[in-house]
Amino acid sequence: MNNRSFEIVDVTLRDGSHSMRHAFTKEQVRETARGLDKAGVNYFEVSHGDGLGGSSMQYGLSKVDELELIEAAAAECSQAKISVLLIPGIGTKNDLNDAVKVGANMVRVATHVTEADVAKQHITLARELGLKTIGFLMMAHMAPIEKLIEQAKLFESYGAEVVYVTDSAGALLPHEVTERITALKNELSCEIGFHGHNNLSMAMANTLAAVQAGATYIDGSLRALGAGSGNTQTEVMVAVLEKMGYHTGVDLYKILDVANDVVAKFMPRPQEVTGSSLMMGYSGVYSSFLLHTEKAAKKFNIDERDILVKLGKMQAVDGQEDLIYEIAARLQPLLSESTYDI
C-alpha cells in the first residue's frame with residue numbers, strides 16, 4: 001500500500017525470540033510471516049534475539065538455524081521484505097552476506113548508544129549489498145541528547161538511511177522520547193525511527209510521542225511478544241494510530257488474525273508488566289536480561305529484583321550477561337540485606 005504515514009516494522013520473529021528462548025520452529029515462522037505479509041506489513045524482522053550470529057551459550061542457542069528461519073519467512077512473502085538485526089561483535093559481515101543469500105532485504109546495525117563507530121564496516125557493506133540500511137542506537141536512555149546526536153550523525157555519515165532511538169530497557173517516558181526524536185529530526189537529514197519496550201507500560205505512549213515528533217519508522221510486535229515485558233503491540237498500534245487519523249497501510253482485521261490465531265497460540269506466557277520487568281524499566285536494565293536474571297535468581301535462591309537493581313546501578317549493557325550470574329553469586333550471602341544499600 002502507498003501513502004503510509006510511516007513504516008511499521010514488526011519484530012515478533014526477532015525480539016520475540018528472547019521470550020521464546022530462541023526456539024521458533026519453521027512452521028511458526030512461516031505462519032507468522034504469511035500473516036504479516038497478507039496484512040500489508042512492509043518490513044518484518046527475523047533473526048536470533050541478539051541478531052545474526054547470536055546463537056551461543058552466552059546469548060542462548062537457537063533451536064533452528066536462523067538462516068533457515070529467514071529463508072522460510074522469505075518464501076511466504078509476496079510483498080513484505082525481511083529485516084535482520086546485526087550487532088557488531090556478535091554478528092559478522094559473513095553473517096550478513098549469508099542472510100542476504102537466503103532472503104534478507106534490510107539490516108538494522110545495532111550498537112550501544114555511545115559506540116556507533118564500531119558499525120562503519122557493517123553499514124558500508126550493507127549499502128554495497130543494496131540493503132535498506134538502518135542504524136540502531138540501543139539503550140538510548142543512557143546518553144544525554146548531545147551524545148545521542150553525535151552518535152546518530154556517525155551512523156548517517158556511514159550511510160544509514162534511518163537512525164533509531166532504541167529504548168532497549170523500556171526506561172523512557174513520553175516527554176523524553178519527544179526530546180530525542182525532535183533533536184535527531186532537527187540535526188539529521190535521514191529518517192528517524194523508534195523501538196520501544198513496555199517495562200514501564202509506556203511503549204504505546206512512547207510510540208505515539210515518537211510519531212508526533214516526526215519518527216517515520218516505528219516498531220511493534222504481535223501480542224507484544226519480545227524481551228522484558230515485550231514491545232509496542234503491533235495490532236494495538238495499528239488500531240490506535242488509524243483511530244488518530246494516521247494511515248498505517250496495515251489491514252486491522254488481518255493483523256488481528258495473525259496476532260490472535262497464530263502468535264498467541266505459541267507464546268510461552270502472556271507478555272505483561274511483572275515485578276521483575278517493571279524493575280528493568282525502573283532501573284534501566286537491558287530487556288533481554290530478564291530470562292537470564294530469572295534463571296540466576298532461581299539458581300542462587302535470591303530475589304531477581306535485587307539483581308536487576310544492581311545491574312541498573314552498574315549500567316550493564318548488552319554483552320554483559322555474565323554479570324548477572326556474578327551479581328547473583330555475590331548477593332547470595334546478603335539475603336537478609338537490601339541491595340539498595342549496597
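Numbering of residues begins at 1 and proceeds along the displayed sequence. We use all heavy atoms of the structure for the numbers below, so side chains are in, but hydrogens, waters and symmetry mates are not.
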Working to the nearest 0.5 angstrom, can you tell me the gap between [X] [atom1] and [Y] [atom2]?
| X | Y | atom1 | atom2 | value |
| --- | --- | --- | --- | --- |
| D10 | N42 | CG | CG | 12.0 Å |
| K153 | C190 | NZ | SG | 11.0 Å |
| L222 | M267 | CG | CE | 9.5 Å |

If I compare all heavy atoms of [X] with all of [Y], which pair ends up nearest, and what's the gap?
| X | Y | answer |
| --- | --- | --- |
| H122 | P88 | CE1-CB, 3.5 Å |
| D50 | H18 | OD2-CE1, 3.5 Å |
| S229 | N198 | CB-O, 3.6 Å |

Tell me which donor-acceptor pairs under 3.5 Å the side chains of residues 202-209 have, and how far apart each pair is, sequence neighbours excluded?
| residue | atom | partner | partner atom | Å |
| --- | --- | --- | --- | --- |
| N206 | ND2 | L172 | O | 2.9 |
| N206 | ND2 | M202 | O | 3.4 |
| T207 | OG1 | A203 | O | 2.8 |
| T207 | OG1 | T232 | OG1 | 2.9 |

**Q.** Set of residues satisfying salt bridge (Lys or Arg N to Asp or Glu O under 4.0 Å) with respect to K81, sequence neighbours excluded
**A.**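 Result, salt bridge (Lys or Arg N to Asp or Glu O under 4.0 Å) vs K81: none returned.
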Q: Would you please name every residue forming a salt bridge (Lys or Arg N to Asp or Glu O under 4.0 Å) with R180, sequence neighbours left out?
A: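 Checked R180 against salt bridge (Lys or Arg N to Asp or Glu O under 4.0 Å); zero matches.
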Do the non-hydrogen side-chain atoms of [X] and [Y] ever get within less than 4.5 Å of each other?
| X | Y | value |
| --- | --- | --- |
| N199 | V273 | no |
| V162 | K132 | yes |
| F44 | V9 | no |
| K63 | T25 | yes |
| V118 | H112 | no |

Using ring centroids (six-membered ring only for Trp), state whether [Y] and [X] fall under 6.0 Å.
| X | Y | answer |
| --- | --- | --- |
| Y217 | F194 | no |
| F136 | H195 | yes |
| F24 | F266 | yes |

Got a donor-acceptor contact below 3.5 angstrom from the [X] side chain to the [Y] backbone?
| X | Y | answer |
| --- | --- | --- |
| S83 | Y43 | no |
| E161 | T133 | yes |
| H197 | A227 | yes |
| T234 | S221 | yes |
| S277 | T274 | yes |
| D167 | A171 | yes |
| E66 | G53 | yes |

Q: Please check if F300 and M314 belong to a single hydrophobic cluster, counting links between Ile, Leu, Val, Met, Phe, Trp and Tyr side chain heavy atoms closer than 4.5 Å.
A: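 Same hydrophobic cluster.
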(Q) Same cluster or not: L61 versus Y59, using hydrophobic residues (I, L, V, M, F, W, Y) connected whenever any side-chain heavy atoms lie under 4.5 Å apart? (A) no
Q.
Does this structure show an ion pair linking E150 with K147, if we count only N-O contacts that are shorter than 4.0 Å?
A.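 Counted as a salt bridge, because a side-chain N and a carboxylate O are separated by less than 4.0 Å.
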Q. Is R108 paired with D219 through a side-chain N to carboxylate O contact shorter than 4.0 Å?
A.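 Yes.
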Q: State, without any angle test, whether N94 and T92 hold a side-chain donor-acceptor pair at a distance under 3.5 Å.
A: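 Side chains of N94 and T92: no pair found under 3.5 Å.
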Q | Pairwise salt bridge (charged side-chain N to carboxylate O under 4.0 Å, His left out) hits with a residue in residues 265-293, at least two apart | A |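 Every salt bridge (charged side-chain N to carboxylate O under 4.0 Å, His left out) pair that includes a residue of residues 265-293, provided the two are not neighbours, is R269-E294.
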(Q) Once salt bridge (charged side-chain N to carboxylate O under 4.0 Å, His left out) is applied, what residue pairs with a partner in residues 21-38 remain, sequence neighbours excluded? (A)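 Every pair satisfying salt bridge (charged side-chain N to carboxylate O under 4.0 Å, His left out) with a residue in residues 21-38: K26-E68, E27-R30, R34-E76.
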Acceptor/donor pairs from residues 123-130 side chains to any protein atom, 3.5 angstrom cut, sequence neighbours excluded:
| residue | atom | partner | partner atom | Å |
| --- | --- | --- | --- | --- |
| T124 | OG1 | K120 | O | 2.9 |
| R127 | NH1 | G159 | O | 2.6 |

Q. Checking side chain to side chain donor-acceptor pair (under 3.5 Å) for the pair E191/T216: CA distance, chi angles, key distance, verdict?
A. CA-CA 6 Å; E191 294 186 82; T216 50; 2.8 Å; yes
